[in-house]
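Notes for the one structure printed next.
Lettering follows sequence order; numbering is per chain, from 1. Note that this is a predicted model, so its numbers are computed, not measured.
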Amino acid sequence: MLRSVYNWLDKRLYLTKLFRSTAGHHVPASSGSWFYVFGSATLLCFILQIITGTLLALVYVPSTNEAWNSLQYLNHVQYLGWYLRALHNWGSNFMVALMTIHMVQVFLFGAYKYPRELTWVSGVFLLVATLAMAFTGQVMRFDEDAYWGLGIGASITGRVPLIGDRLVHLLLGGPIIAGETLSRFFALHVFVIPAIIIGIVGMHLRLVLTKGINEYPVPGKPVRRDTYDGEYEKVIEKQGVPFVPDAIGKDLIFAALVLVLILACSAIFGPAGPSGPPDPTRVDTVPRPDFYFLSVFAALALLPDWMETVVLFVTPVMMVGLLFILPFISGTGEKSARKRPVAVLSVITIFLVLGTLTYMGDTSPWSPKMNAWSSQPVPVDLLQHRTPLETRGALVLQNKQCRNCHSLEGHGGQRGPALDGVASRLTRDQLIRQVIQGGGNMPAYGKNLSPPEVNSLVAFMLTLHSPSRPQARDSAQPQVPASKKVSGKSQ
Amino acid sequence: MKAAAFPLIALLGLSAGCGKPKGQAERPQAVINFHQLFSENCAACHGTSGKTGAGPKLNDPLYLALASREDMRNVIENGRPGTPMPAFGFARGGTLTEKQIGAIVDGMEKEWAKPVNLQGATLPVYGIAKAPPGNARRGQAQYMRNCMMCHGFGSFKGIAGPITDPNYLALVSNQYLRTTAIVGRIDWGMPDWRHRIPGHVMNDQDISDVVAWLASQRPKGYMMAENQSTDNSFANQSSPDSEREPKR
């Protein structure tokens with residue numbers, strides 16, 4: 001009876017054929033190795049992300065006012081809501097990590113070589129898409145860290161020559177981070193990028209099926225375009241085993257292990273954030289990007305200014321570009337890592353560099369000095385003979401935590417230029433523009449400063465010039481700005 | 001076996017990575033030392049030892065005699081919305097516990113308070129809610145008499161800069177205007193309420209009036225938020241035409 005139902009279905013759905021050509025297809029017995037388990041584990045993470053992500057989306061409200069509250073609701077009210085968030089967070093951490101290991105393994109085993117170039121290329125697309133998911137996901141928290149990451153991301157984008165401003169507009173849905181920004185990132189995180197990933201994963205898997213799994217590399221057996229296909233067929237014929245049930249065993253064991261680790265990490269360490277409520281003008285917790293972006297931020301902080309732009313745009317484009325063309329420049333030849341010292345060395349170098357940068361990003365005080373705003377006094381001599389408005393400006397400067405990035409007389413953060421003497425460099429209008437629109441790595445304060453706050457800040461900053469160097473002036477407007485007159489006595 | 005070691009090591013690495021919690025090990029909430037608390041949280045605005053800062057002088061026996069512990073506790077906990085004074089209480093998104101705020105207030109009283117010789121004058125009331133209601137019209141006359149020579153009026157610029165600048169008034173609370181009108185800014189050269197004009201001491205009513213006038217000079221829409229807040233020391237005494245439009 002069951003059999004006839006199955007046969008009926010099979011006649012229409014070709015189940016047996018489907019099984020034979022997918023799960024049951026033959027793979028080289030040598031690929032049933034512990035090294036070959038990372039791809040499937042990454043896929044497992046992705047599926048877990050889809051499930052937990054869908055559940056989260058049931059509660060999450062993608063609006064600037066509600067996002068943070070809905071996460072608090074999940075964390076504290078919803079039964080096991082915190083665990084769901086933790087799973088999604090740790091799932092993403094594991095996915096990025098496993099994907100990286102998978103890629104390194106594929107690289108070291110020469111699996112990207114002929115005829116599997118496209119498998120590799122689709123994999124690089126997946127890498128980029130997954131990192132994009134990680135970044136947009138971090139924004140979903142819409143807490144201080146997210147705001148921070150986004151602000152810096154936007155100002156990096158803003159530096160793209162010629163079209164920078166328009167790109168920022170596209171990214172943020174406006175010139176500054178606002179409600180539109182979150183909607184935009186929500187759409188990307190929930191619809192656009194996942195759809196792309198699912199599509200590419202399909203292609204990636206199909207390629208794995210049609211082009212076969214790389215046999216365990218043997219030193220001294222280089223790939224040659226004319227003979228490889230025949231050799232591979234022979235390998236499959238002689239020592240091929242069906243993927244299910246023979247080769248899948250280790251994948252399953254590893255998948256179970258990963259699952260247990262994700263469950264455990266989530267239970268033990270809980271979800272990430274949300275950190276403080278998203279008051280965009282307050283940056284007083286320690287905003288740090290999630291670990292996969294730490295290295296980028298560290299590089300950003302450590303480089304001298306003139307190099308930043310170059311390094312920021314050229315390096316990533318070059319790295320990804322290099323990954324894309326890799327199978328085309330070294331499509332044949334030795335596969336075994338033992339015979340490819342350059343490949344091994346480059347992997348080691350890349351990881352050392354990334355590791356060091358991540359470590360520095362995590363430990364060194366590259367990031368703004370987070371308590372400067374409340375602990376570094378405004379130097380007394382900068383307050384002498386000031387009008388009450390200018391003094392208030394100094395207080396707004398402290399309160400808006402400009403000091404976390406800017407120093408006065410050597411005290412304060414070093415992220416931005418020291419503000420001593422700004423008035424000799426910038427005019428009143430330029431100061432206003434800098435505060436409202438940001439620029440470089442400075443967040444745009446925009447509507448988050450009221451007009452009196454901006455005016456008082458600028459009034460105070462206009463007093464910051466050395467006696468020997470007069471205040472910068474707009475050449476079209478030779479008049480000394482009004483606010484300057486009252487403090488003229490300071491010289 | 002060798003092959004099996006690789007994923008295991010990778011996994012170990014992964015799980016070690018996931019063991020790295022965010023944030024530091026030390027517990028900032030455990031600090032209750034007054035000096036440390038003050039220099040980490042308040043010195044930036046109120047000055048290294050509570051004076052010659054951009055913000056109110058707190059290291060001032062006169063101020064400490066004027067404001068009660070409860071008044072100060074209230075400000076530290078809730079901040080002054082609309083001014084640069086942030087809220088430090090946990091409930092208001094700050095970083096200090098009730099105990100720490102208590103330690104700061106106790107520290108200020110213990111280290112900086114001294115008996116003050118009022119030389120026969122009476123100390124005016126601190127809180128705006130308890131002070132006599134002010135009259136802006138009379139306040140202008142009081143301003144001309146007691147403040148103009150230093151703070152200027154119209155085209156006359158005093159030595160201390162205008163306090164009627166709308167941008168300044170938009171960022172300062174009525175309470176602080178009152179506090180300053182009473183205790184002055186001795187660290188920056190503004191005398192207290194007894195010593196501005198020889199032989200003339202402003203009384204409670206004069207002070208309320210001058211504050212009412214200053215408040216009436218404030219651009220509309222500012223400093224309304226805290227007038228409605230639970231902090232009743234802000235109970236409205238400013239001009240009647242003030243719109244109750246909360247400031248963002």
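- Considering OG1 of A:Thr391 and CH2 of B:Trp188, their distance stands at 7.5 Å, rounded to 0.5 Å.
- Shown here for A:Leu383 and B:Gly53, the closest heavy-atom pair between the two residues is CD1-C, 3.7 Å.
- The line from CD of A:Gln398 to CE of B:Met85 is 13.5 Å long, rounded to the nearest 0.5 Å.
- Listed by first and then second residue, the salt bridge (charged side-chain N to carboxylate O under 4.0 Å, His left out) pairs involving residues 158-174 of chain B amount to none (not counting sequence neighbours).
- Put simply, the side chain of A:Arg392 does not reach to within 4.5 Å of the side chain of B:Asn167, judged on heavy atoms.
- Closest approach of B:Gly161 and A:Thr387 over heavy atoms only: CA-CG2, 3.9 Å.
- When all heavy atoms of B:Cys45 and A:Leu395 are compared, the pair lying nearest together is CB-CD2, 3.5 Å.
- When all heavy atoms of A:Asn399 and B:Pro84 are compared, the pair lying nearest together is ND2-O, 2.6 Å.
- Proximity to chain A (any heavy atom under 4.5 Å) is restricted, for B:Ser39, to the backbone atoms N, CA, C and O.
- With A:Ser374 contributing its side chain and B:Cys42 its backbone, the two residues share no donor-acceptor pair below 3.5 Å.
- Looking at every heavy atom in both residues, B:Ala44 comes nearest to A:Ser375 through CB-N, 3.4 Å.
- Heavy-atom contacts from other residues, nucleotides or ligands closer than 6.0 Å to CD of B:Glu98 number 12 or fewer.
- A distance of 12.5 Å separates OH in B:Tyr168 from CD in A:Glu390, rounded to the nearest 0.5 Å.
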